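The structure appears right after this line, and notes come after that.
Note on naming: letters A, B, ... go to the chains in the order of the sequence lines (proteins, then strands), and numbering restarts at 1 for each one. Quick caveat, the model's predicted, so the values are computed rather than measured.
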Protein chains: 2
Amino acid sequence: MKITISEIAAQAQVSTGTVSRVINGHSTVAKATRVKVLEVMEQLGYAPDPVARELSMRSKYAIGMWVGYGENRLSPYFNVVWRALVREMQERAIQFIELPADLSTWRRPLNAVLVFNTSHVEERMRFLAERDLPAVLIGHFPGVSCVAPDDIGGGRLAAQTLLGLGHRRLLHLSVLGEAQWHADRADGFVQGLKAFGMEQISFVQVHGESSVLGGYRLMRDAWLAGQRPTGVFCATDEMAVGAYGALQDLGVRVPEAMSVMGFDGLAAELQPGLASVAQDIPQIAHESVSLVLEAIDKKPPRQVLVPVYLHEGGSIALAPGGEH
Amino acid sequence: MKITISEIAAQAQVSTGTVSRVINGHSTVAKATRVKVLEVMEQLGYAPDPVARELSMRSKYAIGMWVGYGENRLSPYFNVVWRALVREMQERAIQFIELPADLSTWRRPLNAVLVFNTSHVEERMRFLAERDLPAVLIGHFPGVSCVAPDDIGGGRLAAQTLLGLGHRRLLHLSVLGEAQWHADRADGFVQGLKAFGMEQISFVQVHGESSVLGGYRLMRDAWLAGQRPTGVFCATDEMAVGAYGALQDLGVRVPEAMSVMGFDGLAAELQPGLASVAQDIPQIAHESVSLVLEAIDKKPPRQVLVPVYLHEGGSIALAPGGEH
DNA sequence: CTGAAAGCGCTTACAG
DNA sequence: CTGAAAGCGCTTACAG
């Protein structure tokens, strides 16, 4: 049936306490026994039971996750982050509670709140501050602890990548509205172009919705308006999927005639082959929870930027005409 | 200080066992003591700790969830079902494990497997059968326990709904490939039309991808090919979102000129106002887990069909011209 | 470094 | 009907 810590202890001929110590990486375990225990665990495919773990470790903390409503609640990105967050909390044996949109009706005790994927950020942060509830935001907001992917660096990375392949006519599909993340991605992209020398480059930026349909329409309309870039950088992978579709409908071949890049790193699931600036989502989850713990301890707020990296893919190639 | 069951027991002058019994509604508690205990609980605002509860109630079963890969892993539908499943397992205090796509590398003990959202169903079911692993499928497969939404009934419901509004020129956006669910939805729809009398109806069915882009293209192409339905039934809500977009781009007003219906019931998040044949997803999760438990007990396989219902929305209206 | 033991908060045969 | 006790799977002072 289920294999437990005592099974491991028996097989490794140590006490359960010792097994527990190696699980938790306590340094006070002899190297030989540690190795032995790890071996047995590996062999039996053991994984500690998070529920039992929580019951016995039980940080006194209960932290709430306050998430937004609306269509993006079902977005691929949201779901990936949400799952990473849940897993992180489980691993750290922290009790988490998904909060309702309207917090004012909430009664159960709460040690901190993690705010994610929500609109009205300012209003919400004020609400929490007034109640002295430590808060951490996944995103940007002055004065509170925040964690976010390096959107600017990601934009720059996209620019460098496309420029490196010889592209000189570039299009950026960006997003309407005030959110920081897409502004940063666009800024980073432009920074990358500027570093290279703008005078040699033609660059156009258009704005639409951050969805498949949004990307489709932007790409199609830009093309029909006479834009002829060789490289397109999309603010999200979903938009890139749409752009892909539009190019297909227009008979423009990817990557031969046009290189397409996305942002988020969901390509493997969303559109195999799509090159993308990937976020390190497990790391974002990890940092978020660390900041929450710091906030509970009244440590001063910090802002963490989690690095991004290039997710390679066949959707980008040397610019046509071999300008390079 | 957190208040626990022993606190209640002390105040009510009974044992913790008795308190537990009233918490769980066991009938073997004298009315007077029950009342007394409830009073104390109420007074102290006591709520049982779910973690402790799970640890002690939990069936010793570990059940695996075997899900498919590919883009639909991030689809809204998948995510909604996934979360319902997780919650159901938690409530029943069953340990669940997300299985890797390649089960042959799996070592940890498993009492049963819930198969969901996967391709190669036949192959996978055979794999499990060979290993004597009880299996339950969300979907259709002969000889094993299955649970699925009533796709046929849902198709019929869509037909009745649109016919009831006076629509007589109908289009169905269906899906390419061999899966049962969209065949059933289409069949149900046609059944509904036939029951009404096909000779008074013009009906066209087209096939594409089950995505936003798929719906967009089907709708646009049908229109450009000269189709002029007044009612469109989409095999999924995602396709309906795409169809919506196409109609917008074509300048066709919804619902004045065209009624649009989806299927799945994700409209509230995906496209507010979209009318849809809604699946009862919590119920599907519930039945799945029940069947898994039965399968572990060697009970004979059963096939469960979960009813669907109409999710109302402003995307459907009386047919133009008031044919009704 | 490591074992024995108590404890996290709850449930449930087992007696009576 | 109800209490005493063992148990769910793990952690962590406390000794040694």
Inset, instruction - Quickly work out the A:Arg53 CZ to C:dG7 C1' distance and round it to whole Å. - result: 17 Å

Inset, instruction - Hey, could you give me each pair passing side chain to side chain donor-acceptor pair (under 3.5 Å) that has a residue in residues 285-296 of chain A? Not counting sequence neighbours. - result: A:Glu88-A:His286, A:Arg92-A:His286, A:Arg92-A:Ser290, A:Gln283-A:Glu287, A:Glu294-A:Arg302

Inset, instruction - Respond yes when some side-chain nitrogen or oxygen of A:Ser6 is under 4.0 Å from OP1 or OP2 of D:dG9, and no when none is. - result: no

Legend entry - Pairing residues for A:Pro48 by the side chain to side chain contact (heavy atoms under 4.5 Å, CB included) criterion, not counting sequence neighbours: A:Ile23, A:Tyr46, A:Arg53

Inset, instruction - Using the test side chain to side chain contact (heavy atoms under 4.5 Å, CB included), find all partners of A:Glu122 that sit at least two apart in sequence or belong to another chain. - result: A:Arg126, A:Phe141

Inset, instruction - Report the secondary structure of DNA chain C in dot-bracket form, marking unpaired bases with a dot and bases paired to a different strand with |, and treating Watson-Crick or G-U pairs with both distances under 3.5 Å as paired. - result: |||.||||||||.|||

Legend entry - Candidate nucleotides C:dT2, D:dG9, D:dC10, ranked by approach to the side chain of A:Ala30 - the nearest: C:dT2

Legend entry - Partners passing ring pair (Phe, Tyr, Trp, His ring centres under 6.0 Å) against B:Phe116 (at least two apart in sequence or in another chain): B:Phe78

Legend entry - Pairs flagged by salt bridge (Lys or Arg N to Asp or Glu O under 4.0 Å) wherever residues 141-151 of chain B is involved - sequence neighbours left out: B:Asp151-B:Arg185

Legend entry - Short side-chain N/O contact to D:dC10 OP1/OP2 from A:Tyr46, under 4.0 Å: yes

Legend entry - Interatomic distance, A:Ile5 CD1 vs D:dC10 P [rounded to whole Å]: 5 Å

Legend entry - A:Ile23 side-chain proximity, nearest of C:dT2, C:dG9, D:dT11: D:dT11

Legend entry - Sub-4.0 Å heavy-atom contacts from residues 12-22 of chain A onto DNA chain C, ordered by number: A:Val14, A:Ser15, A:Thr18, A:Arg21

Legend entry - With sequence neighbours excluded, residues passing side chain to side chain contact (heavy atoms under 4.5 Å, CB included) with A:Glu39: A:Val35

Inset, instruction - Would you please name every residue forming a side chain to side chain contact (heavy atoms under 4.5 Å, CB included) with A:Ser15, sequence neighbours left out? - result: A:Thr18

